[in-house]
Enquirer: 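Below is a structure I'd like to ask you about.
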Protein chains: 2
Amino acid sequence: MSAPVPDASRRSSRARDAILAAARELVASDGYRGLSIEGIAARAGVGKQTIYRWWPSKGAVVLDAVLALSEGPDAEVELPDTGDLRADLRTVVRATVDELADPSFEAPLRALYAAMITDADLTAAYRRRVADPVDSAKERRLRSARDAGHLAPDTDLGLLRELLFAPIVQRWLLATGPLDHAFADALVENALLVARAPASTEAETAS
Amino acid sequence: MSAPVPDASRRSSRARDAILAAARELVASDGYRGLSIEGIAARAGVGKQTIYRWWPSKGAVVLDAVLALSEGPDAEVELPDTGDLRADLRTVVRATVDELADPSFEAPLRALYAAMITDADLTAAYRRRVADPVDSAKERRLRSARDAGHLAPDTDLGLLRELLFAPIVQRWLLATGPLDHAFADALVENALLVARAPASTEAETAS
DNA sequence: TGTTCAACGAGACGGTGCGTCTCGTCAACC
DNA sequence: GGTTGACGAGACGCACCGTCTCGTTGAACA
């Protein structure tokens, strides 16, 4: 009944790296539609069983491939905190927009979303390994601003984060509008407007 | 080279209805993963060719199935406009949340999103037939409020619409938080805060 | 250094759904 | 009443699925 758990200490890192690289290359050239386990195995020079041994689904392979794009180790995310909230938010939100416009990020990430929509387990894994750490970092930065008096004391940091980033993902998924710095800046200005400290002009940055 | 366009005047509406109903039933019971053209054809009592004759892809069938859920004819969408912006927005945003929580809507819509993410043609068709009309209706309601002085004259109606609804879709897709009326109301309050008319207390509803 | 043993590359296997095709049937229009 | 094209049905070759065996290999431990 229980799975015959393989011995991770004997795992070939060469095979793992080749599989993730092959997945990235194939999804970039053929899209998620043309991505198959057999194709990944062939391109990586690996037996199919080596993939099935370590990953539960094609989507899980893609998740690891996406993670391998932006990590050394499982480094924890940290956002810039120069004290200038507007500038820091612009940096981060613009970077998000740029990342989604970069084909080498866009292709595997789109594939990952396609898999997640119909795979609740994969969605949970994505939240745990990607979304939660990133969201925490964003909220740390916002909390720092709130503590410094740059945001109203009763600001809902989670909601503010969603207002900053959800419209970006929405435009990206359905191509309902341009994904550029102007849009990023508009979202930042909106966030500052929503949650600005009530009686302060002092702490606000001028830019 | 050109497609041998079938004769629409001879199309069987019985077959069309049976196909869309079968697609809805199967996606509700088995999810999008288990949805196949062969399964739809078998359930509908229809030849596979009848599906391929009229739809370019499985996702296109699902799009029509979703559309058939909420239409008589291609009725144009109209939102409530009682003059009370807060109340009207709550109604609409809460209804959106409720719809995404209703399994009979949720299942085919999730299937449609899964298909759209990897199918730009289908995404364009969805925008044209669903998203654009709905978005226009939303912006008409917001414009009416702006004209009535309930929103600041320089309010970006499109951005406001995205701030109201994108966070909902985001939570729905990745299950990153509860989709309830409290969340809907928070989004409405945020929108009213962002775009409130500068010097007016008069026109605002009290609720 | 040698032994061990599970992960490895390779690929056969039955199963499923794909998209195309070819039938005979049927109903609408001429 | 003849023509015609959509219809239901299903055969076909193909791609990929997930499971299963093979030898082979190389890392861990004695």
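Numbered from 1 within each chain, the chains take letters A, B, ... in sequence-line order.
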Enquirer: Closest approach to the side chain of B:P6, judged atom by atom: which nucleotide of D:dA6, C:dC18, C:dC8 is it?
Expert: D:dA6
Enquirer: Salt bridge or not for A:R16 and A:D64, using N-O below 4.0 Å?
Expert: yes
Enquirer: Send over the distance from A:R11 CZ to D:dT25 C1', rounded to a whole Å.
Expert: 18 Å
Enquirer: Rounded to the nearest Å, what distance is computed from the CD1 atom of residue A:I37 to the P atom of nucleotide D:dT19?
Expert: 11 Å
Enquirer: Give the rounded distance in Å between these two atoms: CD1 of B:I51 and C1' of C:dC18.
Expert: 12 Å
Enquirer: Examine C:dG9: is either OP1 or OP2 under 4.0 Å from a nitrogen or oxygen in the side chain of A:R43? Give yes or no.
Expert: no
Enquirer: Of the nucleotides C:dG9, D:dT19, C:dC18, which has the atom closest to the A:R14 side chain?
Expert: C:dG9
Enquirer: Give me the atom names and distance for the closest heavy-atom approach of A:A60 to A:P56.
Expert: CB-CD, 3.6 Å
Enquirer: How long is the line joining CD1 of A:I40 and C1' of D:dA15, in whole Å?
Expert: 15 Å
Enquirer: If only side-chain N and O atoms of A:W54 are considered, is one of them under 4.0 Å from the OP1 or OP2 phosphate oxygen of C:dC8?
Expert: yes
Enquirer: So that I can tick it off, tell me whether A:E139 and A:R146 are bridged by a salt bridge, with the cut-off set at under 4.0 angstrom between side-chain N and carboxylate O.
Expert: no
Enquirer: How about A:Y113 and A:W172: are their ring centroids closer than 6.0 Å?
Expert: yes
Enquirer: Let me test you: for the helix from C:dT1-D:dA30 to C:dC30-D:dG1, what is the angle between the axes at its two ends (five pairs each), rounded to 10 degrees?
Expert: 30°
Enquirer: C:dC8, OP1 or OP2 - any side-chain N/O from A:R53 closer than 4.0 Å?
Expert: yes
Enquirer: Nearest to the side chain of A:E38, which nucleotide is it out of C:dC18, C:dG9, D:dG18?
Expert: D:dG18
Enquirer: What is the distance, to the nearest angstrom, from the CZ atom on A:R16 to the C1' atom on C:dC8?
Expert: 17 Å
Enquirer: With a 4.0 Å cut-off on N to O distance, would you call B:D81 and B:R141 a salt bridge?
Expert: yes
Enquirer: Select one nucleotide: of C:dC5, C:dG19, D:dC17, the one nearest the side-chain heavy atoms of A:R10.
Expert: C:dC5
Enquirer: Spell out, as yes or no, whether a donor-acceptor pair under 3.5 Å connects the side chain of B:R24 to the backbone of B:V66.
Expert: no
Enquirer: Out of C:dC18, D:dA6, D:dC16, which nucleotide sits closest to the side chain of B:D7?
Expert: D:dA6
Enquirer: Return whichever of B:L35 or A:A15 has its heavy-atom-nearest nucleotide of DNA chain C closer to the 5' end.
Expert: A:A15
Enquirer: According to a strict under-4.0 Å criterion, is B:T50 in side-chain N/O contact with OP1 or OP2 of D:dA6?
Expert: no
Enquirer: Rounded to the nearest 0.5 Å, what separates atom CD in A:E38 from atom NZ in A:K48?
Expert: 4.0 Å
Enquirer: Identify whether any heavy atom of A:G45 sits under 4.0 Å from a base atom; if not, whether one sits that close to sugar-phosphate; answer base, sugar-phosphate or nothing.
Expert: sugar-phosphate
Enquirer: Could you list the residues that satisfy side chain to side chain donor-acceptor pair (under 3.5 Å) with A:D119, not counting sequence neighbours?
Expert: none
Enquirer: Is it true that A:E189 and A:R196 have a side-chain N and a carboxylate O under 4.0 angstrom from each other?
Expert: no
Enquirer: For a quick check of understanding: with a heavy-atom distance under 4.0 Å over all strands, which category does A:S9 fall into, base, sugar-phosphate or nothing?
Expert: sugar-phosphate
Enquirer: Taking the side chain of A:K48 as its heavy atoms from C-beta onward, which of C:dG19, C:dC5, D:dT19 lies nearest to it?
Expert: D:dT19
Enquirer: If you draw the axis of the six-membered ring of B:F183, does the NZ or CZ of B:R171 fall within 45° of it and under 6.0 Å from the ring centre?
Expert: yes
Enquirer: Using whole Å, report how far OH of A:Y52 lies from C1' of D:dC16.
Expert: 8 Å
Enquirer: Produce the list of close N/O pairs, under 3.5 Å, pairing protein atoms with atoms of nucleotides 22-24 of chain C; give distances to one decimal.
Expert:
none

